Amino acid sequence: MTERVELALDLPPQVVNAGVGVHGSAGPEVFRLPHLWQLHLYGYSGTLELGGSAHPIRPRHVSLVPPDAEVRFHYGARRCEHLYAHFRLPGGGERRKVPVMQDAGADAAALREALRQTVAATAQSQARASAELWTVLWRTTGLTGAAESRPGAPHPALRTALAHIEERLAGPVSVPDIARAAGVSHTHLTRLFREGTGATVVGYIRRRRMERARHLLRASTLAIPAIAATVGIPDLQAFNKACRKELGASPRAVRDAAWSSAADR
């Protein structure tokens, strides 16, 4: 029974073909690609058979089929479309186990966009197509099914929420927006943050802003107002107050202490 496959992602994939697959209900259709991996991101329901196992296909599911494996697709509608990529993996380093089929959940939109970019780049830039697909493959290793095999791995909704926060630290970040991006309720999000970070959502955002501010104060020559804006606290009075509370000193003192220490070495 084939439930998981192993990906070596130390080197980027070599994209051979990528596009939109269109199939009908006349199946099953049988595929076997010598030397090539198959990745599919689905928008319909059906069944994939591989190695004696039947894997349900649902919208937002993503599958990975290894080279030389015979796979059967059973379609549940007259017209079924999915995004696909056929590729080689030249890497031979550390291997990561990934389920043959898993639900991309909140990551589906990002995977879909990266796969569309892979398709668009295939005829123009193999390097760009390779980079886009490499991103997709790395993301598949962090989905729910793949993460379950790593002890202590954070809940997938929490990972999505943390990524959402990191991308938006320079601007307004609201708890409802984070919950919506993670696909969970406000209450569930609060519980995930308590269990995974030891802080409330608002407390975690404040902590990450101050950690970024400390780094910029110590390691850059950015003006303090620019740093304040970069970490989403453009009001200088509020930024000074937050620094004193979280870092134990004013922004200027944090910077001066770091630069004095560097000068003494």
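Computed from a predicted model, the values in this text were never measured in an experiment.
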Requested in this report: Answer with yes or no whether the hydrophobic clustering places Trp138 together with Leu111; edges join I, L, V, M, F, W, Y residues whose side-chain heavy atoms lie under 4.5 Å apart.
Outcome: yes
Query raised in the report: Applying the 4.5 Å side-chain criterion to the ILVMFWY set and letting contacts propagate, would Leu169 and Val254 be lumped into a single cluster?
Result: no
**Report entry** Where Leu64 and Leu7 come nearest, the two heavy atoms and their spacing
**Finding:** CD1-CD1, 3.8 Å
Requested in this report: Please list all pairs passing the side chain to side chain donor-acceptor pair (under 3.5 Å) test where one or both residues lie in residues 235-247, with sequence neighbours left out.
Outcome: Arg206-Glu246
Query raised in the report: Does the pair Ile178 and Ile205 meet the rule for a side chain to side chain contact (heavy atoms under 4.5 Å, CB included), with working shown?
Result: CA-CA 11 Å; Ile178 298 168; Ile205 294 171; 3.8 Å; yes
Query raised in the report: Listed by chain and number, what are the side chain to side chain contact (heavy atoms under 4.5 Å, CB included) partners of Ala114, not counting sequence neighbours?
Result: Glu132, Val136
Report task. Find out whether Glu70 and Arg72 are in side-chain contact, i.e. whether some heavy atom of one side chain is under 4.5 Å from a heavy atom of the other. Result -> yes
Query raised in the report: What's the spacing between Leu137 CG and Leu39 CG if we round to 0.5 Å?
Result: 6.0 Å
Query - Heavy-atom side-chain proximity of His40 to His61 below 4.5 angstrom - result: no
Report task. Measure the shortest side-chain to side-chain distance between Asp68 and Pro34 over non-hydrogen atoms and say whether it is less than 4.5 angstrom. Result -> yes
**Report entry** Nearest heavy-atom neighbours spanning Cys243 and Pro251
**Finding:** SG-CG, 3.7 Å
Query - Spacing of Leu192 atom CG and Thr187 atom OG1 [to the nearest 0.5 Å] - result: 11.0 Å
Query - N/O donor-acceptor pair under 3.5 Å between Ser130 side chain and Pro13 backbone - result: yes
**Report entry** Over all atoms of both residues, closest heavy-atom pair of Ala213 and Val231
**Finding:** N-CG1, 3.7 Å
Query - Beyond-backbone contact of Ile57 with Tyr75, side-chain heavy atoms, under 4.5 angstrom - result: no
Query - Glu211/Arg214 salt bridge by N-O under 4.0 Å criterion - result: no
Report task. For Arg112 and Leu83, work out which heavy atoms get closest and say how close. Result -> CG-CD1, 3.6 Å
Report task. Test Arg208 against Thr197 for side chain to side chain contact (heavy atoms under 4.5 Å, CB included), laying out the working first. Result -> CA-CA 11 Å; Arg208 285 297 303 132; Thr197 72; over 6 Å; no
Query raised in the report: To the nearest 0.5 Å, what is the distance between CH2 (Trp37) and CG (Leu133)?
Result: 12.0 Å
Query raised in the report: Are any side-chain N or O atoms of Thr190 and backbone N or O atoms of His186, one a donor and one an acceptor, separated by less than 3.5 Å?
Result: yes
Requested in this report: Write down the atom of Ala253, the atom of Ala249, and the distance for their closest heavy-atom approach.
Outcome: CB-CB, 3.9 Å
Query raised in the report: For the atom pair CZ (Arg180) and CG (Leu189), what is the distance rounded to the nearest 0.5 Å?
Result: 11.5 Å
Requested in this report: Go through the steps to decide whether Val62 and Asp103 satisfy the test side chain to side chain contact (heavy atoms under 4.5 Å, CB included), and finish with yes or no.
Outcome: CA-CA 6 Å; Val62 58; Asp103 186 349; over 6 Å; no
Query raised in the report: With side chains defined as the heavy atoms from C-beta onward, is the minimum distance between Val16 and Leu33 less than 4.5 Å?
Result: no
Query raised in the report: Linking I/L/V/M/F/W/Y whenever their side-chain heavy atoms sit closer than 4.5 Å, directly or via other members, would Tyr84 and Val65 fall into one cluster?
Result: no
Query raised in the report: What residues form a side chain to side chain contact (heavy atoms under 4.5 Å, CB included) with Leu11, not counting sequence neighbours?
Result: Pro90
Query raised in the report: Hey, quick one: are Leu9 and Leu41 part of the same hydrophobic cluster, counting side-chain heavy atoms closer than 4.5 Å, chains of contacts allowed?
Result: yes
Query raised in the report: Which class fits the ring pair Tyr44 and His82: parallel under 30°, tilted 30 to 60°, perpendicular over 60°?
Result: tilted
**Report entry** Over all atoms of both residues, closest heavy-atom pair of Met101 and Pro56
**Finding:** CG-O, 3.6 Å
Report task. Let me see the working for Arg255 and Ser250 under side chain to side chain contact (heavy atoms under 4.5 Å, CB included), right down to the final yes or no. Result -> CA-CA 9 Å; Arg255 168 163 281 174; Ser250 69; over 6 Å; no
Query - Distance in Å, Glu6 CD paired with Lys97 NZ, rounded so as to fall on 0.5 Å steps - result: 5.5 Å
**Report entry** Exam field: side chain Glu81 to backbone Val20, donor-acceptor pair closer than 3.5 Å
**Finding:** no
Query raised in the report: If you group Ile, Leu, Val, Met, Phe, Trp and Tyr by side-chain heavy-atom gaps below 4.5 Å, do Ile233 and Val175 land in one group?
Result: no
Query raised in the report: Do Pro67 and Leu89 come close enough that some side-chain heavy atom pair is under 4.5 Å?
Result: no
**Report entry** His188 and Arg191, any side-chain heavy atoms less than 4.5 Å apart
**Finding:** yes
Query raised in the report: Do the side chains of Thr200 and Phe193 get nearer than 4.5 Å, heavy atoms only?
Result: no
Query raised in the report: Say you draw a straight line from CG of Asn17 to OG1 of Thr122; how long is it, rounded to the nearest 0.5 Å?
Result: 7.0 Å
Query raised in the report: Do Glu166 and Arg212 sit within salt-bridge range, that is, some charged N less than 4.0 Å from a carboxylate O?
Result: yes
